[in-house]
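A short worksheet on the structure shown next.
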Amino acid sequence: MSNLNGADLPADHLGAARGIAAEGGPIAVNSLPPGAPGSAAHDLALDALGSGFSNAFLICGIAAALAAVLTAVGMFGVRPHRSPAQSPAEPSITEQGGAPEPAAK
């Protein structure tokens with residue numbers, strides 16, 4: 001709430017708003033009831049909170065987009081594993097009967 005210095009607030013409200021903002025930040029100034037010392041800074045506190053929330057949503061959106069891109073890139077390389085000796089058209093031994101056949105003696 002550095003904008004308090006340039007705000008056109010009465011002296012008694014400015015001192016109270018500075019003290020409250022130093023202890024509790026813009027949320028504390030925003031929650032002051034009308035008529036209380038420092039309540040004249042309500043509009044400044046509301047602007048500060050709105051700016052902070054906008055920045056937070058922007059950062060979260062960028063992080064979500066980055067996570068989606070990383071997931072897509074990671075899944076791009078995932079393919080079913082086949083042994084080089086087995087062709088895709090030839091079924092494996094376990095697929096035919098469910099269990100491998102015993103070796104002939």
Side-chain angles (χ1 to χ4, degrees):
M1 300 236 352
S2 62
N3 290 341
L4 283 175
N5 295 334
D8 295 329
L9 297 176
D12 58 337
H13 282 276
L14 182 61
R18 280 186 184 157
I20 293 168
E23 292 297 320
I27 292 177
V29 175
N30 190 42
S31 65
L32 290 172
S39 64
H42 179 270
D43 291 335
L44 289 173
L46 196 60
D47 288 342
L49 290 171
S51 174
F53 285 136
S54 295
N55 290 340
F57 283 125
L58 177 66
I59 290 170
C60 288
I62 291 171
L66 181 63
V69 167
L70 288 175
T71 300
V73 167
M75 291 185 69
F76 182 69
V78 176
R79 294 201 169 80
H81 177 47
R82 294 194 183 266
S83 64
Q86 179 183 1
S87 69
E90 154 187 338
S92 68
I93 296 172
T94 56
E95 291 175 357
Q96 291 174 357
E101 297 178 18
K105 291 185 182 182

Let me have the donor-acceptor pairs involving side chains of residues 19-26, under 3.5 Å, with sequence neighbours excluded, atom names and distances please.
none

Enumerate the side-chain hydrogen bond (donor to acceptor under 3.5 Å, both in side chains) contacts for residues 42-51, please, sequence neighbours excluded, ordered by first and then second residue. Asn30-His42

In this structure, are over 12 heavy atoms from other groups packed under 6.0 Å from Ile27 atom CD1? no

Kindly compute the distance separating CG (Leu66) from OG1 (Thr71), expressed to the nearest 0.5 Å. 9.0 Å

